[in-house]
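Here is the structure we will look at, set down as structure tokens.
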Amino acid sequence: MFTLYGETFPSRLLLGTAAYPTPEILKQSVQIAQPAMITVSLRRAGSGGEAHGQGFWSLLEEIGVPVLPNTAGCQSVQEAVTTAQMAREVFETDWIKLELIGDDDTLQPDVFQLVEAAEILIKDGFKVLPYCTEDLIACRRLLDAGCQALMPWAAPIGTGLGAVHAYALKVLRERLPDTPLIIDAGLGLPSQAAQVMEWGFDGVLLNTAVSRSGDPVNMARAFALAVESGRLAYEAEPVEARDKARASTPTVGQPFWHSAEY
């Protein structure tokens, strides 16, 4: 079980709802992946480029998976706080994925404004999941602001590059052993999701890698299996990598001609 802010979830995968070819494919992808939550933005366009309509809200209710609203597109503290408050009214939830972008090209989070916004929202009763970088000091500031979980990126949103700064992510995991860390953004392949889970990260959130793939339904299933597999591997305590070979077959009981004398 996966625990965030005192609530438990049966999955460690979180799935976005943007840019799917059709609402039906979105529905099937979520149903087959069975994510812990699905992310939704008040600002995004619906499937097929159409704005949000009653049909989309009905689809969310039909899917039946907890909704994680986000503040995608916000570039100031006031904008993010206002969007979060509106999302709470619309979706009737205190959960919020806090996004506060500082650069239009890389979509890199503005960690300075992010801390300020997180502190305001935490005091207002929100369960904040901040989209941040792998910077250890910035992450510590977010924890000081009251966040109980963090969502560091693997790479810029939508790039599919995987863990670009593997060393920094591993250091972050090592230095914050008791903090739930969810990799958010930049993953493109199920193998990349399995990898970060093997490093000990607690979950994965993704959208583009599924919704823009050639077969979103099968890709959603592949990522769900990869996340589960990576977590199982981490809990099974993998062997450490070595520079030299080490025989896996014991020497005891081998025929005499395999002994060290021959």
Side-chain angles (χ1 to χ4, degrees), residues 2 11-22 25-41 44-45 47-49 65 68 70 72-73 97 99 101-109 129-135 139 149-173 180-234 238:
F2 183 29
S11 172
R12 293 175 180 271
L13 173 67
L14 290 79
L15 202 59
T17 58
Y20 283 81
T22 68
I25 290 178
L26 164 60
K27 176 183 175 181
Q28 292 177 16
S29 299
V30 173
Q31 287 177 332
I32 200 167
Q34 290 295 299
M37 290 188 275
I38 53 175
T39 63
V40 178
S41 171
R44 82 155 180 84
S47 299
V65 174
L68 174 63
N70 66 41
K97 176 190 171 186
E99 295 185 38
I101 303 302
D103 182 79
D104 290 334
D105 185 34
T106 64
L107 300 180
Q108 182 167 337
L129 297 177
Y131 165 59
C132 56
T133 67
E134 72 281 8
D135 185 276
C139 287
L150 305 174
M151 305 183 79
W153 68 353
I157 295 173
T159 60
L161 293 172
V164 174
H165 300 127
Y167 172 78
L169 284 173
K170 290 179 180 179
V171 168
L172 184 67
R173 176 69 287 177
L181 298 176
I182 302 169
I183 293 294
D184 178 13
L187 298 180
L189 295 170
S191 57
Q192 296 168 351
Q195 181 183 58
V196 296
M197 294 300 293
E198 289 169 3
W199 293 344
F201 283 86
D202 298 280
V204 164
L205 189 155
L206 47 90
N207 189 150
T208 303
V210 172
S211 67
R212 295 190 183 276
S213 67
D215 186 344
V217 177
N218 275 330
M219 188 62 77
R221 180 170 182 264
F223 268 102
L225 292 172
V227 169
E228 182 179 359
S229 176
R231 182 63 185 185
L232 286 173
Y234 169 72

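Only a predicted model underlies this, so the values are computations on that prediction, with no experimental measurement involved.
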Under 3.5 Å, which donor-acceptor pairs link side chains of residues 203-210 to any protein atom two or more places apart or in another chain?
unit_1: N207; atom_1: OD1; unit_2: T17; atom_2: N; d: 3.4
unit_1: N207; atom_1: OD1; unit_2: A18; atom_2: N; d: 3.1
unit_1: N207; atom_1: ND2; unit_2: A18; atom_2: O; d: 2.9
unit_1: N207; atom_1: ND2; unit_2: S211; atom_2: OG; d: 3.0

Compare all side-chain heavy atoms of L15 with those of F223 and state whether any distance is below 4.5 angstrom. no

Step-by-step side chain to side chain contact (heavy atoms under 4.5 Å, CB included) determination, W153 to Q108: CA-CA 9 Å; W153 68 353; Q108 182 167 337; 3.7 Å; yes

Within 6.0 angstrom of R212 CZ, more than 12 heavy atoms from elsewhere: no

Heavy-atom count around E228 CD within 6.0 Å, excluding the residue itself: above 12? no

Can any side-chain N or O of Q34 pair as donor or acceptor with the backbone N or O of Q31 at less than 3.5 Å? yes

Donor-acceptor pair, S229 side chain versus L225 backbone, under 3.5 Å? no

Within the 4.5 Å heavy-atom criterion, are N70 and V40 side-chain neighbours or not? no

Can you tell me how far the CG atom of L172 sits from the NE2 atom of H165, to the nearest 0.5 Å? 13.5 Å

Non-neighbouring partners of R221 that pass salt bridge (Lys or Arg N to Asp or Glu O under 4.0 Å), sequence neighbours left out: none

Side-chain contact test, heavy atoms from C-beta onward, threshold under 4.5 Å: evaluate it for P190 versus M219 and give yes or no. yes

Going by heavy atoms in the side chains, are P130 and L150 under 4.5 Å from each other? yes

State, yes or no, whether a side-chain contact exists between P35 and V65 at a heavy-atom distance under 4.5 Å. yes

Separation between OH of Y234 and CZ of R173, rounded to the nearest 0.5 Å: 6.5 Å

When rounded to the nearest 0.5 angstrom, what distance separates CD1 in I38 from CG in L14? 10.0 Å

Closest non-hydrogen atom pair between S11 and A36, with its separation: O-CB, 3.3 Å

Looking at CZ of F201 and CD1 of I182, how far apart are the two atoms once the value is rounded to the nearest 0.5 Å? 11.0 Å

Interatomic distance, M197 atom CE to L232 atom CG [nearest 0.5 angstrom]: 9.0 Å

How far does CG of L13 sit from CZ of R231, to the nearest 0.5 angstrom? 14.0 Å

Between I25 and V217, is a side chain to side chain contact (heavy atoms under 4.5 Å, CB included) present by the stated rule, with each step listed? CA-CA 7 Å; I25 290 178; V217 177; 4.3 Å; yes

